[in-house]
A.B. asks: 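I have a structure I would like to understand better, so I am pasting it below and will then ask my questions one at a time.
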Amino acid sequence: SALPSTPAAVFGPEWESVTEEVFRETFAYQEAPGGGSAIRRHGFRHRHADNGSYFLCHHLCSSFAEGVSGVFSPQLDESYLQIIHSFTRAFAIPFLTITDQTPAAAASGGGAFQLMPRIEKAVFDFFAVYNWTSAVVFYDHESVKEKYQQYAMEALMLRGRSMSMDVKHVTSSATARRYLSEYQLASAPGPPSRPASGDQGARFLLLTSTEMTLKILILAEEMQMLSNNNYYLIADPRTSCDSMKFQVTGKIHVACFRMLKPDSVFGDPKFPRLARYRNKIPELDVALMMDVHTLLASIYNSQHVFESLASFNKQQGRREYKSCMDIPVPPLPGEIIRKAIVNTRFVGVTGNLEFDQDGLRRNFELEVVEAPSKNQRASTLIGRWSDYGQYDIVPDDSKSQIDIASSTVRVVTIISEPFTMHKRGVNTSVTAGVENFEGFCIDMLRQIAKLTNMTYELHLVADGKYGEELDDHTWNGM
């Protein structure tokens, strides 16, 4: 009663244990048609891609001969990704990956699906919204530079804008320090309230890996280039501003794109086994893998897909071939899975998950956050971006927070159980003093005061009303 076709997994050695954990956590309660768990029913095949390109080719060929109808993979070396994509494209087998480095040919409908969104548009929308007219671009991989350069020309032409880009290839901490020093004199004291403020200082776009990005920022902190008019935009959503720790007490001018709230996976009690991978594997990568598994489970557990594959195999007289070279020309069962993926939409760990016909993620949203300084507890949300053309700036409320912290706030409330009540034994004629009241709103007020260091005085509304606008356009109540 085995399924007529199964997906396959291809991954490197550092991913084996986490992939097993994600299988266990994500598929534990998924049922396949006719009963049984998705793992046992589908028999996911694990192929190690660390044994060289020859063995990878051999494993892919033998997997397709056995009837595999889909391949998925986390982060791999670009050369391995090229091999996997070449095979899956030739045999019309869907290829899902969490990397954003899928070969360019995938964008022409070649059957590759990228769980990691392409966010070049978000980067250039950021430039437009905050009026960046120049940027210093740091990169450490040629493919990333080429991708952004191609998009830059298209994006700037569409917007009718010109932009100066000084592109630097960063290969080590030494080269990063040398490039940063070129712009050290351009910085000026006094932090901008937002990336658009001031026309002094340099604007840096970091197209670098998380490891290299952190090295660059540490150097910038040492060179006192963080707390001035310089600004750093990090393009890779895997690099989290939330986990950055700087010793600068002023405002930090480092912005990140965020797909995932901190500890959405590693701190979730529903996934206790995954917490062990904190600081070992990017949390976003684990979340994307969970969405891959949920996607595959929903597709392969679909009665419609199950029946379509069974019907296909019956018509084709399906059998296991000795080699992938013996497989007849398409149509192949992979096309059934590809169509199912394109037509599937759900809200996963990383947000809305759906693909366009080219296998690229669409209708997703990102938050734009600034890294915290030494005296801040968390990153600051400065904007929200969606791939359907919307960038919403979050108002800068830092000034109002300072005003609250440095003055006495008058708080007015109204008696309404269980929100605000007189304490037991307090005369109901008492109208002021937080010590005389209790309830949900009073508890919340005390917590807000702790978080903002504000001082306040509390009193009841004099006329006992919530408040409404009168005919003369004045208000009563609170």
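Atom set for the values below is all heavy atoms of this structure, side chains included, hydrogens, waters and symmetry mates excluded. If you read the sequence from its start, that first residue is 1, and numbering goes on from there.
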A.B. asks: Apply ring-ring contact (aromatic ring centres under 6.0 Å, His included) to Phe266 and list each qualifying residue two or more places apart in sequence or on a separate chain.
C.D. replies: none
A.B. asks: Minimum heavy-atom separation for Phe257 to Leu233, with atom names?
C.D. replies: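 Minimum heavy-atom contact is CE1-CD1, 3.9 Å.
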A.B. asks: Check this for me: Glu142, atom CD, are more than 12 non-hydrogen atoms of other residues, nucleotides or ligands nearer than 6.0 Å?
C.D. replies: yes
A.B. asks: Backbone N or O of Asn352 within a donor-acceptor pair of the Arg361 side chain at under 3.5 Å?
C.D. replies: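 Checking the backbone N and O of Asn352 against the side chain of Arg361, a donor-acceptor pair under 3.5 Å is found.
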A.B. asks: Could you tell me how the ring of Tyr232 sits relative to the ring of Phe204: parallel (under 30°), tilted (30 to 60°) or perpendicular (over 60°)?
C.D. replies: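 The arrangement is parallel - the two ring planes meet at less than 30°.
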A.B. asks: Using the rule given for side-chain contact (heavy atoms from CB on, under 4.5 Å), can you reason through Phe246 versus Ser373, listing the C-alpha separation, both sets of side-chain angles and the distance that settles it, and then say yes or no?
C.D. replies: CA-CA 6 Å; Phe246 296 108; Ser373 61; over 6 Å; no
A.B. asks: One pair to check against salt bridge (Lys or Arg N to Asp or Glu O under 4.0 Å): Asp285 and Arg238. What are the steps and the verdict?
C.D. replies: CA-CA 7 Å; Asp285 281 348; Arg238 292 184 182 87; 2.5 Å; yes
A.B. asks: Could you go through Val137 and Lys168, starting from their C-alpha distance and side-chain angles, then the distance that decides it, and tell me whether this counts as side-chain contact (heavy atoms from CB on, under 4.5 Å)?
C.D. replies: CA-CA 6 Å; Val137 182; Lys168 304 288 188 182; over 6 Å; no
A.B. asks: Got more than 12 heavy atoms from elsewhere within 6.0 Å of CG, Asn343?
C.D. replies: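 Counting other residues, nucleotides and ligands, CG of Asn343 exceeds 12 neighbours.
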A.B. asks: Do the side chains of Val292 and Ile98 get nearer than 4.5 Å, heavy atoms only?
C.D. replies: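 Touching, per the 4.5 Å side-chain cut-off.
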A.B. asks: Does atom NE2 (His304) have a neighbourhood of more than 12 heavy atoms from anything else shown, all under 6.0 Å?
C.D. replies: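 Result for NE2/His304: open.
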A.B. asks: Go through the side-chain N and O atoms of Thr350 and Asp291 and say whether any donor and acceptor fall under 3.5 Å apart.
C.D. replies: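 Indeed, the side chains of Thr350 and Asp291 share at least one donor-acceptor pair under 3.5 Å.
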A.B. asks: Determine whether the aromatic ring centres of Phe95 and Phe72 lie less than 6.0 Å apart.
C.D. replies: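 No, the ring of Phe95 stays outside the 6.0 Å limit from the ring of Phe72, centre to centre.
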A.B. asks: What closest approach, in Å, do Leu180 and Met225 show between heavy atoms, and which atom pair accounts for it?
C.D. replies: O-CE, 3.4 Å
A.B. asks: What's the spacing between Ser134 OG and Leu205 CG if we round to 0.5 Å?
C.D. replies: 12.0 Å
A.B. asks: Quick one: does any side-chain atom of Asn230 pair with a main-chain N or O of Ala202 as donor and acceptor, under 3.5 Å?
C.D. replies: yes
A.B. asks: Are a donor atom and an acceptor atom from the side chains of Thr239 and Thr213 found within less than 3.5 Å of each other?
C.D. replies: no
A.B. asks: So, the side chain of Arg276 versus the backbone of Arg273: is there a donor-acceptor pair under 3.5 Å, distance only?
C.D. replies: yes
A.B. asks: To the nearest 0.5 Å, what is the distance between OG (Ser240) and CD (Glu283)?
C.D. replies: 8.0 Å
A.B. asks: May I have the step-by-step check of side-chain contact (heavy atoms from CB on, under 4.5 Å) for Ile341 and Leu295, ending in yes or no?
C.D. replies: CA-CA 8 Å; Ile341 293 173; Leu295 172 65; 4.2 Å; yes
A.B. asks: Would you sort out whether Asp242 and Ser379 count as a side-chain hydrogen bond (donor to acceptor under 3.5 Å, both in side chains), showing the intermediate values?
C.D. replies: CA-CA 5 Å; Asp242 300 287; Ser379 57; 2.5 Å; yes
A.B. asks: Give the intermediate values and the outcome of side-chain contact (heavy atoms from CB on, under 4.5 Å) for residues Phe355 and Leu115.
C.D. replies: CA-CA 9 Å; Phe355 299 95; Leu115 271 288; 3.8 Å; yes
A.B. asks: Can you tell me how the ring of Tyr231 sits relative to the ring of His253, calling it parallel under 30°, perpendicular over 60° and tilted otherwise?
C.D. replies: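 Aromatic pair Tyr231/His253 classed parallel.
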A.B. asks: With under 30° as parallel and over 60° as perpendicular, where do the rings of Trp132 and Phe127 fit, or are they tilted in between?
C.D. replies: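 Because their plane-to-plane angle is under 30°, the rings of Trp132 and Phe127 count as parallel.
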A.B. asks: Any donor-acceptor pair under 3.5 Å linking the side chain of Asp356 with the backbone of Asp358?
C.D. replies: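 Checking the backbone N and O of Asp358 against the side chain of Asp356, a donor-acceptor pair under 3.5 Å is found.
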A.B. asks: Does Phe346 CZ have over 12 foreign heavy atoms under 6.0 Å away?
C.D. replies: yes
